[in-house]
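Step one of this worksheet: look at the structure below.
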There are 2 protein chains.
Amino acid sequence: MVHPSNVKAPIPPAPVVHIIEDDASLRLAIDSLLRSVGLNTRCHDSVQSFLDDKPLDTAGCLVLDVRLPGISGLDFQATLAQRGIHLPVVMMTGYGDIPMTVQAMKAGAVDFLTKPFRDQDMLDAVSTAVAKDRQRRKDLQETEALRNRYASLSPREQQVMALVTAGKMNKQVAAELNLSEITVKIHRGAAMRKMQARSLAALVKMAESLPQATH
Amino acid sequence: MVHPSNVKAPIPPAPVVHIIEDDASLRLAIDSLLRSVGLNTRCHDSVQSFLDDKPLDTAGCLVLDVRLPGISGLDFQATLAQRGIHLPVVMMTGYGDIPMTVQAMKAGAVDFLTKPFRDQDMLDAVSTAVAKDRQRRKDLQETEALRNRYASLSPREQQVMALVTAGKMNKQVAAELNLSEITVKIHRGAAMRKMQARSLAALVKMAESLPQATH
DNA sequence: ACCAGGATCATACCTATGTATAGGCAAAAT
DNA sequence: ATTTTGCCTATACATAGGTATGATCCTGGT
């Protein structure tokens, strides 16, 4: 008999906190703090080390020093965005000033901690950041499934779906696309089937949440 | 003949910047700076003065000192939220620290300027804040019109609309509400008319954007 | 050469939806 | 007391939507 957890457990996704900090002792301190509350961690002494590693398939967050060898943590935020890495960032600093803080927060940092910080503050920030990433991934997963289904529609079916969800009647769609009404019905039915929409209302809602960017 | 601007001009909404700063000279400096670029302003030396005045019917923003007589600017942010005042806030400080900055930004401040700041920084922040408020008011206006129409529906019509926009067929709605199908059709038709929806798709979209909170 | 899939259309049939007309009932407003 | 309003129902008809069957045409790949 197999242990239940190997059979039906959804397996808690085990978030990974990526620590990027060049000071070894602080890095280790954060590492053991986070591990003490059951979080998985990956330690890096530079951004390059993180970029080479990047297991981005699991939820998590970044804990990032502002002052890093070679690049500022603030600039690195921009780099992350460019590369499509959307892990929430918890920023740390020893010698930060307010403009720096403002910039980091505007760029979407979850928190900005000044060294030395209290353990609890770090834990709270990481907890918030991880929750944020979980939510983001959940949303992403939902719309991705939708996109896949949408991509499986033939060009015509996509056209018909667009007009139908815009509120047009079959005959109007037919007129706009120079088709017979019966053909529109065929495409419409195929779109409903492929999109797994059991009602027009459901299809409209899907169409609504489709145009969302990749975040 | 009347001047064209008095006839068909949509009248630029004239945003108002509310300045709350107890230091008279700085207050005047900000006031003249903002007026120099054509913005309307209201000056206050305390939060009470602002709360007594509050012409909140026009778009605009708040320029707020962190240290104010009687209350901290940070606490005042919470007060504003409680009172349903959603003007974007540009925070200023002479002696701010990073935790303070983080808290203000988390609470939604548009920017956090350290005195002395450059004129251009203030102008940029105010410009962003005003644009934000314009967008918020625009969104609000749209959903408000929708809410009014929804409020004009009878309870039954609202029920029917909810089920119909959830994708149920008339007969299913009838079963759930213990009605005859024909009655559902009546309510459904009335809902479409009152909501000014020319198609089911339109009604579904309206239902989607209705539940939004007041921001 | 052959086949699969996409696109097109037709006939036929059934179901779903919309509206008009007409009536009954109860609560609230005038 | 009367009117209005919301709510409920029915019959009848018209339009819209959905699906099945069958067929033609084209294109890209085996």
Side-chain angles (χ1 to χ4, degrees), chain A residues 142-211, chain B residues 142-211:
Chain A
E142 283 170 13
T143 65
E144 197 183 3
L146 216 55
R147 285 172 179 286
N148 287 341
R149 279 179 272 163
Y150 183 73
S152 79
L153 300 191
S154 71
R156 270 303 200 210
E157 286 161 357
Q158 294 186 352
Q159 285 180 310
V160 170
M161 176 174 161
L163 295 173
V164 163
T165 55
K168 313 220 164 165
M169 289 187 307
N170 288 342
K171 64 170 62 174
Q172 292 175 301
V173 176
E176 276 193 49
L177 300 179
N178 281 307
L179 296 176
S180 77
E181 195 179 332
I182 189 75
T183 305
V184 172
K185 288 184 182 179
I186 304 280
H187 292 317
R188 179 176 182 156
M192 295 279 289
R193 205 172 357 90
K194 292 184 181 176
M195 295 300 289
Q196 296 168 32
R198 270 168 296 175
S199 66
L200 175 59
L203 193 71
V204 171
K205 288 171 190 169
M206 290 178 189
E208 284 285 273
S209 59
L210 259 180
Chain B
E142 283 170 12
T143 66
E144 198 183 2
L146 217 55
R147 286 172 180 286
N148 287 340
R149 279 178 272 163
Y150 183 72
S152 78
L153 300 191
S154 71
R156 269 304 199 209
E157 287 162 355
Q158 293 186 353
Q159 285 180 309
V160 170
M161 176 173 161
L163 294 173
V164 163
T165 54
K168 312 219 166 167
M169 289 188 306
N170 288 343
K171 63 171 62 173
Q172 292 175 302
V173 176
E176 276 193 47
L177 301 180
N178 283 308
L179 296 176
S180 76
E181 198 179 331
I182 189 75
T183 305
V184 172
K185 288 183 183 181
I186 302 285
H187 292 318
R188 180 176 182 155
M192 295 279 288
R193 206 172 356 91
K194 292 184 182 176
M195 295 300 289
Q196 296 168 30
R198 271 167 296 174
S199 67
L200 176 59
L203 193 70
V204 171
K205 288 172 191 168
M206 290 178 189
E208 284 285 273
S209 59
L210 259 180

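Side chains are part of it too, since the values below use all heavy atoms of this structure and drop only hydrogens, waters and symmetry mates. In what follows, every chain begins at residue 1, and chains take the letters A, B, ... in the order their sequences are listed. It should be emphasised that the depicted structure is a prediction, and the values quoted were computed from it without experimental measurement.
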Next item on the list: Round to the nearest Å and state the distance from A:R193 atom CZ to D:dG18 atom P.
Entry: 12 Å
Next item on the list: Could you pick out which residue, A:N178 or A:K194, lies toward the 5' side of DNA chain C when each is mapped onto its nearest nucleotide?
Entry: A:K194
Check: Looking at B:L200, B:V173, B:L163, which one forms a side chain to side chain contact (heavy atoms under 4.5 Å, CB included) with B:R188?
Finding: B:L200
Item checked: Nearest-Å distance for atom pair CD/P, residues B:E157 and D:dT5 -> 13 Å
Note to self: If the cut-off is 4.0 Å, is B:R156 near the phosphate of D:dC8, judged by side-chain N/O to OP1 or OP2?
What the structure shows: yes
Item checked: Minimum-distance nucleotide to A:K185 side chain [options: D:dG17, D:dC8, C:dT17] -> D:dG17
Margin query: Classify A:L179 by what it touches in the nucleic acid, base, sugar-phosphate, or nothing, heavy-atom distance under 4.0 Å.
Written below: sugar-phosphate
Notebook entry, point to check: Between A:L210 and A:R147, which heavy-atom pair has the shortest distance, and what is it?
Noted result: O-NH2, 3.0 Å
Next item on the list: Taking only the side-chain heavy atoms of A:E181 (C-beta and beyond), determine which of D:dG17, D:dC8, C:dA7 contains the nearest atom.
Entry: D:dG17
Note to self: From CG of A:L200 over to P of D:dG18, roughly how many Å is that when rounded to an integer?
What the structure shows: 8 Å
Item checked: Value in whole Å for how far the C1' atom of D:dC8 lies from CZ of B:R188 -> 18 Å
Note to self: Just the rounded figure in Å: distance from P of D:dT5 to CD1 of B:I186.
What the structure shows: 17 Å
Checklist line | Side chain of A:S180 - closest among D:dC8, D:dG17, C:dA10 | finding: C:dA10
Notebook entry, point to check: Nearest of D:dG6, C:dC9, C:dT17 to any side-chain atom of B:P155?
Noted result: D:dG6
Margin query: Of the options C:dT8, C:dT19, C:dA10, whose atoms approach the side-chain atoms of A:H187 most closely?
Written below: C:dT8
Next item on the list: Write down the distance between CG (B:N170) and C1' (C:dT19), rounded to a whole number of angstrom.
Entry: 13 Å
Note to self: Working note: B:H187 + B:L153, criterion side-chain contact (heavy atoms from CB on, under 4.5 Å); need CA distance, chi angles, decisive distance, verdict.
What the structure shows: CA-CA 9 Å; B:H187 292 318; B:L153 300 191; over 6 Å; no
Notebook entry, point to check: Among the nucleotides D:dA16, D:dT11, C:dC9, which one has an atom lying closest to any side-chain atom of A:K171?
Noted result: D:dA16
Checklist line | Side chain to side chain, A:E157 and A:S154, heavy atoms closer than 4.5 Å | finding: yes
Checklist line | Length of the CE-P vector between B:M169 and D:dG18, whole Å | finding: 11 Å
Check: In whole Å, what is the span from the CD1 atom of B:I182 to the P atom of C:dT17?
Finding: 12 Å
Checklist line | Sub-4.5 Å side-chain heavy-atom contact between B:M206 and B:R149 | finding: yes
